[in-house]
Amino acid sequence: MARKEIIALLLAGGQGSRLGVLTKHIAKPAVPFGGKYRIIDFTLSNCINSNIDTVGVLTQYQPLKLHSHIGIGKPWDLDRRNGGVTILTPYQRKEKGEWYSGTADAVLQNISYVEELSPKYVIILSGDHVYKMNYYEMLDFHKKKNADATISVIEVPYEEASRYGIMNVTENGKIYEFEEKPEHPKSNLASMGIYIFNWDILKKYLLKDHENPNSEHDFGKNVIPAMLNDGRNLYAYKFVGYWRDVGTIQAYWESNMNLTDRIPEFNLFDPYWRIYTPNPVYPAHFIGETGKVEKSIVAEGCIIYGTIRNSVIFPGVTVQEGTVIQDSIVMSDTFIGTNTEINCSIIGENSVIGNDVRCGVGEFAENRFNPKIYNTNITVIGSNTVIPNGTIIGRNVVIDNYIKPQDFTSNVIPSGGYLIKEGG
Amino acid sequence: MKRAMGIILTGGKNNRLKELSMERSIAAVPFGGKYRAIDFTLSNMVNSGIVNVGVMTQYSIRSLIDHLGSGKEWDLDRKNEGLRIFPPYLSELGTGWYRGSADAIYNNLTFLERSDEEFVVIANGYAIYNMDYGPMLEQHVDKDADITIACRALDDLTENDRKTLGLVEIDDDGRIVEFKEKPLNPAGRYGSMGIYIMKRKFLIELLQDSAAKGYTDLVMDIIIRSLNTLRVYAYIFNGYWRPLNSIQLYYRANMDLLDPKIRRELLMDRRKIYTKVKDEAPAKYNEEASVKNSIVADGCIIEGTVKNSILSRGVRVMKGVHIRNSIILQGSSIGEGARLNYCILDKGVTITAGKTLNGDQEWPLIVGKNITV
C-alpha cells in the first residue's frame with residue numbers, strides 16, 4: 001500500500017448540546033444544513049477537494065445517522081481500496097472499553113489506525129463547522145515553516161475574542177502563547193480547531209498526555225499548551241473566508257439564512273469546490289400555479305403550492321395552498337398543510353404541520369424549558385413530530401422530536417413555551 | 001424476478017428529435033428536468049428485479065456511456081451480473097455496425113449464452129413510463145406464449161403519434177393476429193410498446209435462425225413474419241406511456257409532468273426512477289423570481305418569471321426574463337429581459353439579453369447544444 005503523506009482525522013463525536021432538540025437523536029455533524037447537506041459534508045468535501053483521500057471519522061455521540069450518512073464514503077469519492085473513509089468508534093479492549101474522554105484521547109485510542117497508514121502528517125478536523133478550505137495550502141505552509149504543528153486561525157472581532165481559544169503570535173506567525181477564552185485578549189486570532197501535526201511528534205505528546213491524570217485530554221487545552229511549554233515550533237495559519245461554528249440555534253439559523261442572500265458569502269454553486277452529499281432519489285421540485293418562492297433555496301422533490309419567502313427548504317417538502325413560510329428552515333420530507341403560517345422557525349425532518357397552524361407568532365418571551373439554549377425569536381420543532389390542525393405556537397418555543405397530537409394538552413403554546421418528552 | 005435478464009435497445013440513427021438527437025442517442029435525450037430517456041426503462045428493469053442488463057448501443061453513444069457509467073446509480077455495479085454496454089465492434093467475422101435490432105443482439109449472442117436466466121425482457125430505451133414487468137412475465141407463462149409484447153390502447157395519442165408506432169390487432173384470447181409497423185393509415189386501438197418477453201434459449205434459436213436467413217430487424221423480420229407460426233401474445237398495460245418518437249411527443253411528455261397525477265405515477269411512485277447524480281446545490285430563488293406551474297431542478301438560479309416550463313439542472317434565469325411553455329436543458333443561461341415561449345433549449349445554450357424566441361405549441365423552437373443566440 002502506498003504510504004500517504006497526510007491523512008485526516010475528523011472528530012465527529014460531539015453532541016452539540018446547544019442545538020437542543022436538533023441534536024437530541026443525532027450528533028451535531030449530522031444536523032441538516034443548507035437545503036440538502038449535513039454539517040459534516042463541508043469538512044468531508046474539503047478533504048476530497050484538497051486531495052486528502054484518507055479520512056478517519058471518529059464518532060461517539062448518537063452515531064447511527066452519521067454512520068448511515070457516510071456509508072463507505074461514495075458521495076465524496078472516498079470509497080477507496082487504498083485509504084478512503086474509515087469510521088472509528090470507541091471499542092472494547094482487553095482490559096476495558098473506554099469512551100473517548102476528550103479530543104486528544106479520541107485520537108490516542110486510534111493510534112493503531114494511524115500507525116498502520118504511517119503518514120508523515122496528520123490533520124485534525126472537526127465536523128462541526130461550515131466553511132471551504134484547501135487543507136493542502138495549509139500543509140504547504142506547515143512544511144515551509146518547518147513547523148511541528150500548525151493551527152488554523154481566523155480573525156474575529158476583538159469584542160468576541162474572549163469566546164474563543166486565542167493564539168498570540170509573533171510577526172512571522174509563530175505561536176508563543178495560547179489562551180483559552182481570555183478575559184483580555186491580546187490578539188484576535190481564534191483557533192478554528194484545525195491542526196496539522198507531524199505524526200511522530202504528535203504521537204509522543206498523545207502518549208505523554210495519556211499518562212497525565214490531570215489532563216482533560218483536549219487538543220486546545222492540553223496538547224497544544226504542552227507543546228508550547230516545550231518550545232516546539234507552532235505556527236498559526238491565517239484563514240480568510242467564511243467560517244461558522246453553527247453551534248447555537250441562532251448561529252445555525254443565521255448561517256442558513258445567509259445562503260438566501262443574492263450573492264451569499266458562502267457560495268454553494270462553486271463548480272471548482274463542490275459540496276458532496278448522498279443525493280436523495282427525487283424528481284426536480286414542482287412549483288404549483290398558486291406557489292410563490294422568493295429569496296429562498298428549494299431542493300429537489302419539493303411540491304410547493306404556498307408562499308416561501310426568505311427560507312431554506314430541504315428535499316421532499318410539501319407546502320400546501322394558502323400557507324406562508326417566512327424566515328424559516330424546513331428539513332427533508334416534512335409536510336405542511338393549508339392556510340398555515342410559519343415564521344422564523346426551524347422544523348425538523350419528516351414532520352407534519354397541520355392546516356391553519358400559526359407558528360412563530362407573537363412577542364418574544366423567555367423559554368421556560370431551557371433559556372440557555374432557546375434564547376432567540378426562533379421556534380424549534382423537532383423531527384417526526386405532528387402538529388395538529390389549528391395549533392397556535394408562539395416565538396422561542398421548543399417542541400420535541402416524535403411528538404404526536406395526543407401529546408398536546410392545549411392548542412396554544414405561547415411564546416417561551418415547550419413540549420418536551422420525558423428524558424428531554 | 002431473477003428469472004429474467006434485460007436487454008435495452010437504444011435505437012438506430014434517426015433525426016426524430018431533430019437537434020436533440022443529432023449528437024446523442026435518442027435514449028440519452030434529457031427529460032423532465034434531471035433524467036435521460038433511458039432512466040425509465042433501466043429503472044423499470046431494476047425495480048422489476050432484473051439485475052442482469054445489457055444495453056445495445058450504436059449511434060452517438062458517448063453521452064449514453066457517460067450517463068450510465070458503471071451502473072451504480074441503478075445499483076447495477078455488481079460483481080456478478082449488473083450493467084453491460086454493447087457498442088458495435090469489428091471482428092474476424094466482420095460485423096461492424098449493427099444492421100438492426102436483431103442483428104445487434106445476435107452480435108452479442110455470447111451475452112445471452114453466458115447468462116442463465118430463463119427469460120429475457122427486451123425493451124427500447126426511449127419511452128417514458130413506470131412499469132413493473134413482473135405481471136407481464138406471469139401472463140407470458142400463463143398463456144404459454146412464445147413471445148409476449150406489451151401493448152397499450154392509443155386513445156390518448158394523436159394520429160401523427162400513431163404513425164410512428166407499431167399497431168397490433170389482438171384476438172379474444174389476447175393473441176396478436178396482425179402487426180403493422182409505422183402504418184400510413186393508423187387504424188386499430190392498440191400499439192406495441194416495444195417491450196418483448198421470451199425464453200432466453202428461444203431467443204437464441206430465433207436469432208441464429210434469422211441470421212442464417214439474413215434477417216436483421218426484430219419486428220419487421222422476425223415478429224411480423226412469425227405471427228402465424230408462433231404464439232405471440234399482447235400484454236395490455238394501462239399506465240402512462242409515451243415513446244419519444246417525435247418532437248411533439250417529446251414536448252408533450254415533458255409538459256405532462258406538470259400534471260400532478262402523471263408526475264406522481266411516473267416519478268413519485270414506490271418504484272423510483274434513478275438517474276446519474278450531479279452534485280448541484282438546491283435551486284436558489286432571488287427576490288424578483290416568480291415561478292408558477294413549473295419544474296425546477298437543483299443548481300438553478302432564478303431571478304425572472306417562469307410559467308408552465310421545465311428547468312433542468314444549473315439553468316440561470318436572469319432578471320426581467322419571461323419563460324413560458326418551454327423546456328430548458330442543463331446549464332443554459334437566459335439573459336436579462338429575454339422572452340421565450342414554446343422553446344426547447346438544449347444543454348448549454350446562451351440566450352443573450354433582450355432576445356425574444358417564439359415557437360409554436362405543435363412545433364416548439366429548438367435551439368441546439370451550446371449555441372449562443
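Computed from a predicted model, the values in this text were never measured in an experiment. Throughout, protein chains are lettered first and strands after them, A, B, ... in sequence-line order, and every chain is numbered starting at 1.
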Most heavy-atom pairs under 4.5 Å with chain A, out of B/E303, B/E73, B/R313, belong to B/E303

Exercise for review: Indicate yes or no for a side-chain donor-acceptor contact from B/K292 to the backbone of A/G291 under 3.5 Å, with no hydrogens or angles considered.
Suggested key: yes

- Message: Counting neighbours of NZ on A/K292 that are heavy atoms of other residues, nucleotides or ligands and sit closer than 6.0 Å, is the number greater than 12?
- Response: no

Q | B/E288 and A/R262 ion-paired at < 4.0 Å | A | yes

Item to complete: Without swapping roles, check the side chain of B/K284 against the backbone of A/V298 for a donor-acceptor pair under 3.5 Å.
Response: no

Honestly, the part of A/I303 sitting under 4.5 Å from a heavy atom of chain B is side chain

Just wondering, are more than 12 heavy atoms of other shown residues or ligands nearer than 6.0 Å to CD1 in B/I65?
yes

The reported gap from CG in B/N308 to CD in A/E289 (rounded to nearest 0.5 angstrom) is 6.5 Å

Whatever's closer than 4.5 Å to a heavy atom in chain B on A/F314 counts as neither

Most heavy-atom pairs under 4.5 Å with chain A, out of B/I310, B/L311, B/V277, B/D298, belong to B/D298

Is it true that, when you exclude B/E287 itself, more than 12 heavy atoms of the residues, nucleotides or ligands shown sit nearer than 6.0 Å to its CD? yes

### B/K307 atom NZ, neighbour heavy-atom count above 12 within 6.0 Å
no

When the 4.5 angstrom heavy-atom criterion is applied to B/I302 and chain A, the contacting part is neither

Examine distances only and state if a side-chain atom of A/K36 and a backbone atom of B/E280 form a donor-acceptor pair shorter than 3.5 Å.
yes

- Task: Evaluate the side-chain proximity of A/E300 to B/P282: yes if any heavy-atom separation is below 4.5 Å, no if none is.
- Result: no

**Request:** May I ask you to test the B/P260-A/Y305 pair for a side-chain heavy-atom distance under 4.5 Å?
**Result:** yes

Taken to the nearest 0.5 Å, the spacing of B/K272 NZ from A/Y282 OH works out to 6.5 Å

Cut-off 4.5 Å, heavy atoms of chain B, and the answer for A/P264 is side chain

Of A/I297, A/I313, A/V293, the one forming a side chain to side chain contact (heavy atoms under 4.5 Å, CB included) with B/Y285 is A/V293

The interface call for B/K278 against chain A, heavy-atom contacts under 4.5 Å, is backbone

Max heavy-atom pairs within cutoff under 4.5 Å with chain A, candidates B/S290, B/G299, B/S312, B/G33, goes to B/G299

What one should report as the nearest heavy-atom pair of A/H285 and B/A283 is CE1-CB, 3.6 Å

Practice problem: Would you indicate whether the side-chain heavy atoms of A/F286 and B/N293 approach each other to under 4.5 Å? | Solution: yes

Here the pair of heavy atoms bringing B/G32 nearest to A/A284 is O-CB, 4.4 Å

- Are A/I275 and B/D279 close enough, and set up right, to give a side-chain contact (heavy atoms from CB on, under 4.5 Å), and what steps lead you there? CA-CA 7 Å; A/I275 309 301; B/D279 295 278; over 6 Å; no

Item to check | Over 12 non-hydrogen atoms of neighbours within 6.0 angstrom of CZ in B/R263 | outcome: yes

Distance col, row A/D261:CG vs B/N286:CG, nearest 0.5 angstrom, shows 9.5 Å

Please indicate whether A/R274 has more than 12 foreign heavy atoms, meaning atoms of other residues, nucleotides or ligands, lying under 6.0 Å from its CZ.
yes

Closest non-hydrogen contact found for B/M268 with A/P283 is SD-CG, 3.3 Å

